[in-house]
Amino acid sequence: MQPETEADLAAMIRAAKAPLRITGGGTRALPDEVGEPLHMAGLSGIALYEPEALTLVARAGTPLAEIEAALASEGQMLAFEPDPRPGSTIGGVAATNASGPRRLSAGACRDAMLGVRFVTGDGEIVKNGGRVMKNVTGYDLVKLMAGSRGQLGAITEVALKTAPIPPVRATLRLRARDDTSAIAVMVTAMSGPFDVTGAGRLPDGNVILRLEGLPGSVEIRAGMLRDAVAKHGDADILEGDADFAMLRDFAAGATGPLWRMVLRPSDAAQMLAGLPGRHAVDWGGALIWAEAPPDWMPDLPPGARATRLRGDAASLPETDPVTARLNAGLKQKFDPRGIFGGAP
Amino acid sequence: MQMPEPDTSVIARRDAIASRLRAALADRDAVLTGPAETRAYECDALSAYRCPPLMVVLPSTTAEVSAVLKICAEEGAPVVPRGAGTSLAGGSMPTSDAVLIGLARMNAVLEISSADRLVRVQTGRTNLSVTQAVDGQGFFYAPDPSSQLACAIGGNIAMNSGGAHCLKYGVTTNNLLGATVVLMDGSVVELGGPMGEGAGLDLLGLICGSEGQLGIVTEATLRILPKPAGARPVLIAFDSPVTAGACVAAIIRSGILPVAIEFMDRPCIAATEDFCGAGYPDCEALLIVEVEGTPAEIDEQLSLIREIAESFAPLEFRESRSEEESRRIWLGRKSAFGAMGVISDYMCLDGTIPVSRLPDVLAGIGELSARAGLRVANVFHAGDGNMHPLILYDANTPGDLERCEALGADILRLCVEVDGCLTGEHGVGVEKRELMGAQYSDADLEAQMAVKDVFDPGWHLNAAKVFPLDASARRRGRHAA
Ligand SMILES: Cc1cc2nc3c(=O)[nH]c(=O)nc-3n(C[C@H](O)[C@H](O)[C@H](O)COP(=O)(O)OP(=O)(O)OC[C@H]3O[C@@H](n4cnc5c(N)ncnc54)[C@H](O)[C@@H]3O)c2cc1C
């Protein structure tokens, strides 16, 4: 099924009798999504781009690559840095809240989303938010739709806040003694006035810290930061941020079952010590990606969450009953007939 | 301001409800019913409208909030949550049948973790005192509404409040990691997580900005940030507001990200000069642009900003060279609302527009203001298009308030027409409730009200706010029945 307009889409959803799996590029799907694919590729194109207002509005099926190219030609970017999977669409990025290393400083995809249009399970066309930078008019359904993974509605259009591409980027790279010291480097970097826009550890064990901005400023901060982490190791200062592209793309390139764990940085060292295979750390220690054999389950600290993105679907800890009731209630309101087969 | 007819059966049961509530609270004095006591809660900062609540309850713990809500649900009593009562939209304005729940006693700091860059507080705590609690460790809490000395974190979350520095740091929702929320049936739920994301849907994002209609937030986990090495403002004066607007667009386009770009026009400058004598230049419009970093970084940014500004032939480019000069540059801006309050009664609007439309909208506001015969002063967060036109009126002149409200509605409709919105940070409350239809279709409003159905099926919580009374009538009626 592939609608060409929002009205088509609404009609198809109203007529649907069996579950539909809303599909952008199909690059970020979860194992347990069900239904006939509802391809969003027909609803494509950038509807508005005002660089001087840092605003871009695009239809959901627009390829992420097309958006990145349009932005780059004006010296801009998506600050939340979604990983560029071939075929990925902006609707899929929004519906999965896909956010890369810069989430640490610039926020997630949901934080850059200014407005959405979507079609509910009843075939109603709904808009929320808008295209302006600040908007508290009514409830924030933009956040509700961000990361909703095709459970509540088919997103047809997204308004996004764009950001200038920083003139200069530099990466500090160092080998820390052990997990504890690696996390300590990230915590130090995030706790001082360095304006770090990425902090993680690659599977090869290198801790990487990113600085961006005007040339003089990056140089000053790189020196300060190198001194601040000196007791953990000697940092090399590299031009550019190629290491961060590797970090951002770790999940897409992983093999076998893959766990995504979000936790407090202060719990990260202990978590890392117990991992069974190749892994990477992002978000200053708050995100761990880990390859693991099918029978492995993480032992999570309080407050942490883990999801298995490849292999059999799994999610820890079990959702508490009140949250589960609210999630189910919203699903029931927005998709009363259960037409959308997105993974909960 | 129209409010629904109070539920007389609830009012008739006031004493019975009060005694049930007293029995549920550790401190019997935490339930106030005397007229002198309830009058202190009769309005928020939208002070043209007042109505003492049926009673005021001041719980001290999440468990007490839970017990109170459960009793109110059983009694069918409407509930109005209140932080510090600084809402400019009437968000915490009570009705005569409402139990007002004040969070002021819940002001503890529960945890500070510098390693995880977060602080957990009870939501009655004031915004500024959150920053004060982490200041010693070199951190601050970024969203800084001008009301930060008084307003509470719970109110900030309910309104998704912004501040002068949100151009760089975002608003409340971008800095909120977790919340403990009590639903109307008394159930307690923890939302969010270490990076703000919880299980499944983004319920935390939904709660933030829901104007106290979905649940009462009793605890919040907030992101804290390391203090910048330093900050310095410049003041740039122009002979026309349109040029000032164009300069804002050029700065943003250049790729520099100042922490703040503030705009003031002549009427506003004149009022603040009389009020506090900040020594602002004689000009039609001025910008205050602030950047952060080490002295060398600040110099680097300011030299670029100077270069951009000079292409707009400013009347003056005043760069601060000391703490004292920085303070004076901010002085007029920070006292703007107070200054206007001295010369006149005023109503503060909060529409947001695309920054590219700033010149048209300023001209449009000028025309509307001339037609209405009421003066409008403009002061706003120019970097993000969040305007604060202040309409000056005289509360003692019969009909002036109504004319002022009509002009306000016209200005907000203008904001919506240029693809903007009714409110950028103050919220809808009762004030803009009836204008929602200008921005949203019936289906759009239906989708929002469906969310309230899930969290508060009986529509007890702050129910006569946000949605046009007609649109919400059927749902609110269900609870009266
Ligand atoms: C002089 C002045 C300057 C201002 N400047 C700014 C500014 O720069 N930026 C800005 O964004 N706003 C500003 N405001 C508006 C106001 O300060 C904010 O909306 C603030 O967040 C309200 O907080 P409060 O604690 O006073 O909330 P209240 O007025 O008590 O309540 C506001 C709303 O929140 C609800 N609520 C309160 N606590 C809770 C809770 N714990 N759980 C659920 N719901 C709750 C209430 O029911 C109500 O709907 C300003 C106001 C004034 C008077």
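Each chain gets a letter, A, B and so on, in the order its sequence line appears, and its residues count up from 1. All values derive from a computational prediction rather than experimental measurement. Computed over heavy atoms, backbone and side chain alike; hydrogens, waters and symmetry mates excluded.
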Participant: Do the two ring centres, one from Tyr169(B) and one from Phe140(B), sit under 6.0 Å apart?
Facilitator: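 Centroid distance Tyr169(B)-Phe140(B): below 6.0 Å, so yes.
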
Participant: Under 4.5 Å heavy-atom distance to chain A, tell me which part of Leu214(B) shows up: side chain, backbone, both or neither.
Facilitator: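 Just its side chain gets close to chain A.
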
Participant: Could you give the distance from SG (Cys421(B)) to CG (Leu435(B)), rounded to the nearest 0.5 Å?
Facilitator: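 Cys421(B) SG to Leu435(B) CG: 12.0 Å, rounded to 0.5 Å.
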
Participant: Can you tell me if Gln270(A) has over 12 outside heavy atoms packed within less than 6.0 Å of its CD?
Facilitator: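 No, the 6.0 Å shell around CD holds no more than 12 heavy atoms from other groups.
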
Participant: Using non-hydrogen atoms only, which part of Lys333(A) is less than 4.5 Å away from chain B: side chain, backbone, both, or neither?
Facilitator: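 Interface part for Lys333(A): side chain.
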
Participant: Please flag which part of Phe194(A) lies under 4.5 Å from any non-hydrogen atom of chain B: side chain, backbone, both or neither.
Facilitator: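 Looking at Phe194(A), nothing touches chain B.
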
Participant: Who are the side chain to side chain donor-acceptor pair (under 3.5 Å) partners of Lys134(A), not counting sequence neighbours?
Facilitator: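 If we apply the side chain to side chain donor-acceptor pair (under 3.5 Å) test to Lys134(A), skipping adjacent residues, the hits are Asn386(B), Glu425(B).
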
Participant: Side chain from CB out, backbone as N, CA, C, O: work out which of these in Pro354(B) comes under 4.5 Å of a heavy atom of chain A, or both, or neither.
Facilitator: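 Contact with chain A: backbone and side chain both.
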
Participant: Can you name the residues that form a salt bridge (charged side-chain N to carboxylate O under 4.0 Å, His left out) with Glu212(A), not counting sequence neighbours?
Facilitator: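 Scan of Glu212(A) (salt bridge (charged side-chain N to carboxylate O under 4.0 Å, His left out), adjacent residues dropped) gives Arg102(A), Arg169(A), Arg210(A).
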
Participant: Only pairs of heavy atoms separated by less than 4.5 Å count here; which of Gly209(B), Ala115(B), Gly162(B), Gly427(B) has the most with chain A?
Facilitator: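 Greatest number of close heavy-atom pairs with chain A: Ala115(B).
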
Participant: Using non-hydrogen atoms and a 4.5 Å limit, figure out which bit of Met436(B) sits close to chain A: side chain, backbone, both or neither.
Facilitator: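 The side chain, not the backbone.
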
Participant: I'd like to verify something: which residue of Asn174(B), Asn160(B), Val428(B), Val466(B) has the highest number of heavy-atom pairs under 4.5 Å with chain A?
Facilitator: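 Result: the option with the highest number of such pairs is Asn174(B).
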
Participant: Checking Val188(B) against chain A: side chain, backbone, both or neither under 4.5 Å from a heavy atom?
Facilitator: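 For Val188(B), the contact with chain A is made by the backbone alone.
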
Participant: Is it the backbone or the side chain of Leu422(B) that comes under 4.5 Å from a heavy atom of chain A, or both, or neither?
Facilitator: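 Answer is both: backbone and side chain atoms of Leu422(B) are under 4.5 Å from chain A.
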
Participant: Does the ring centre of Tyr139(A) sit less than 6.0 Å away from the ring centre of Phe467(B)?
Facilitator: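 Between Phe467(B) and Tyr139(A), the centre distance is under 6.0 Å.
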
Participant: Heavy-atom cut-off 4.5 Å, strictly under: side chain, backbone, both or neither for Thr55(A) against chain B?
Facilitator: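 For Thr55(A), there is no contact with chain B at all, as no heavy atom is under 4.5 Å.
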
Participant: For the interface with chain B, which of Val136(A), Asp140(A), Asp267(A) has the highest count of heavy-atom pairs at distances below 4.5 Å?
Facilitator: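 Going by pairs under 4.5 Å, I would pick Val136(A).
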
Participant: Within residues 113-120 of chain A, which residues come under 4.5 Å of chain B, heavy atom to heavy atom?
Facilitator: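 Contacts with chain B: none.
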
Participant: Less than 4.5 Å to any heavy atom of chain A: does that hold for the side chain of Cys166(B), its backbone, both, or neither?
Facilitator: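 It is the side chain, since no backbone atom gets that close.
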
Participant: Check this for me: Gln137(B), atom CD, are more than 12 non-hydrogen atoms of other residues, nucleotides or ligands nearer than 6.0 Å?
Facilitator: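 Yes.
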
Participant: Heavy atoms only, distances under 4.5 angstrom: which of Gln332(A), Glu74(A), Gln151(A), Met145(A) has the most pairs with chain B? Name it, please.
Facilitator: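 So the answer, after comparing Gln332(A), Glu74(A), Gln151(A), Met145(A), is Glu74(A).
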
Participant: If you round to the nearest 0.5 Å, how far is CG of Asp116(B) from CE of Met190(A)?
Facilitator: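 Answer for the CE-CG pair, Met190(A) versus Asp116(B), is 11.5 Å.
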
Participant: Which one, Pro265(A), Gly329(A), Ser105(A), leads in non-hydrogen pairs under 4.5 Å with chain B?
Facilitator: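 Most heavy-atom pairs under 4.5 Å with chain B: Pro265(A).
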
Participant: Answer with side chain, backbone, both or neither: which region of Met186(A) has an atom nearer than 4.5 Å to a non-hydrogen atom of chain B?
Facilitator: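 The answer is neither part of Met186(A).
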
Participant: Is atom CG of Asp227(A) surrounded by more than 12 heavy atoms (other residues, nucleotides or ligands) closer than 6.0 Å?
Facilitator: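 Atom CG in Asp227(A) is crowded, with more than 12 foreign heavy atoms closer than 6.0 Å.
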
Participant: Sort Ser187(B) into side chain, backbone, both or neither according to what part of it lies under 4.5 angstrom from a heavy atom of chain A.
Facilitator: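 For Ser187(B), the side chain is the part near chain A, not the backbone.
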
Participant: I'd like to verify something: which residue of Leu141(A), Asn97(A), Thr319(A) has the highest number of heavy-atom pairs under 4.5 Å with chain B?
Facilitator: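 That would be Leu141(A).
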
Participant: Among Arg110(A), Lys143(A), Arg305(A), Arg260(A), which one satisfies salt bridge (charged side-chain N to carboxylate O under 4.0 Å, His left out) with Glu197(B)?
Facilitator: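 Only one of Arg110(A), Lys143(A), Arg305(A), Arg260(A) forms a salt bridge (charged side-chain N to carboxylate O under 4.0 Å, His left out) with Glu197(B), namely Arg260(A).
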
Participant: Measure Leu330(A) against the heavy atoms of chain B and call it side chain, backbone, both or neither at under 4.5 Å.
Facilitator: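 Contact with chain B: backbone and side chain both.
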
Participant: Does a donor on one side chain and an acceptor on the other come within less than 3.5 Å for Arg117(B) and Ser113(B)?
Facilitator: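 Arg117(B) vs Ser113(B): no donor-acceptor pair found between side chains.
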
Participant: Quick one: pull up CE in Met271(A) and CZ in Arg264(A) and give me the separation to the nearest 0.5 Å.
Facilitator: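 Nearest 0.5 Å value for the CE-CZ distance: 16.0 Å.
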
Participant: Of the backbone (N, CA, C, O) and the side chain (C-beta and beyond), which part of Thr423(B) lies under 4.5 Å from a heavy atom of chain A, both, or neither?
Facilitator: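 Both backbone and side chain.
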
Participant: Tell me, for Asp185(B) versus chain A, whether the close heavy atoms (under 4.5 Å) come from the side chain, the backbone, both or neither.
Facilitator: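 The answer is the side chain of Asp185(B).
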
Participant: Hey, is Glu446(B) close enough to Arg475(B) for a salt bridge, meaning N to O under 4.0 Å?
Facilitator: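 Between Arg475(B) and Glu446(B) there is a salt bridge, with a charged N closer than 4.0 Å to a carboxylate O.
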
Participant: Mind ranking Asp384(B), Asp419(B), Val355(B) by heavy-atom pairs under 4.5 Å with chain A and telling me who comes out on top?
Facilitator: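 Most heavy-atom pairs within the cutoff with chain A belong to Asp384(B).
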
Participant: May I ask you to name which of Asp444(B), Leu191(B), Thr173(B), Leu225(B) has the most heavy-atom pairs under 4.5 Å with chain A?
Facilitator: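 Ranked by heavy-atom pairs under 4.5 Å with chain A, first place is Asp444(B).
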
Participant: Could you check which of Leu214(A), Val187(A), Ile183(A) has the highest count of heavy-atom pairs closer than 4.5 Å to chain B?
Facilitator: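 Top option by heavy-atom pairs under 4.5 Å: Leu214(A).
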
Participant: With a 4.5 angstrom heavy-atom cut-off, is it the side chain or the backbone of Pro317(A) that approaches chain B, or both, or neither?
Facilitator: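 Interface part for Pro317(A): neither.
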
Participant: Distance check, rounded to the nearest 0.5 Å: Asp195(A) atom CG versus Leu211(A) atom CG?
Facilitator: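 With rounding to 0.5 Å, CG (Asp195(A)) is 8.5 Å from CG (Leu211(A)).
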
Participant: Quiz question: by atom type and distance under 3.5 Å, do the side chains of Ser356(B) and Glu50(A) form a donor-acceptor pair?
Facilitator: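 Yes.
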
Participant: Between Gln213(B), Lys227(B), Glu211(B), Lys432(B), which residue shows the highest count of heavy-atom pairs closer than 4.5 Å to chain A?
Facilitator: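 With the most close heavy-atom pairs to chain A, the winner is Gln213(B).
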
Participant: Against chain A, label Leu167(B) side chain, backbone, both or neither, depending on which of its atoms sit under 4.5 Å from a heavy atom there.
Facilitator: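 Contact with chain A is through the backbone of Leu167(B) alone.
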
Participant: Measuring heavy-atom distances to chain A, does His426(B) have an atom under 4.5 Å in its side chain, in its backbone, in both, or in neither?
Facilitator: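 Interface part for His426(B): backbone (N, CA, C, O).
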
Participant: For chain B, which of Ala343(A), Ser266(A), Ala146(A), Ala53(A) has the most heavy-atom pairs under 4.5 Å?
Facilitator: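 Of the candidates given, the most pairs with chain B belong to Ser266(A).
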
Participant: Who among Lys168(B), Glu292(B), Glu297(B) has the most heavy-atom pairs with chain A under 4.5 Å?
Facilitator: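 Ranked by heavy-atom pairs under 4.5 Å with chain A, first place is Glu297(B).
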
Participant: Using non-hydrogen atoms and a 4.5 Å limit, figure out which bit of Leu287(A) sits close to chain B: side chain, backbone, both or neither.
Facilitator: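 It is neither, since no heavy atom gets under 4.5 Å.
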
Participant: Give me the contact list for residues 250-259 of chain B versus chain A, heavy atoms only, anything under 4.5 Å, ordered by residue number.
Facilitator: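 Only Ile252(B), Arg253(B), Gly255(B) of residues 250-259 of chain B have a heavy atom under 4.5 Å from chain A.
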
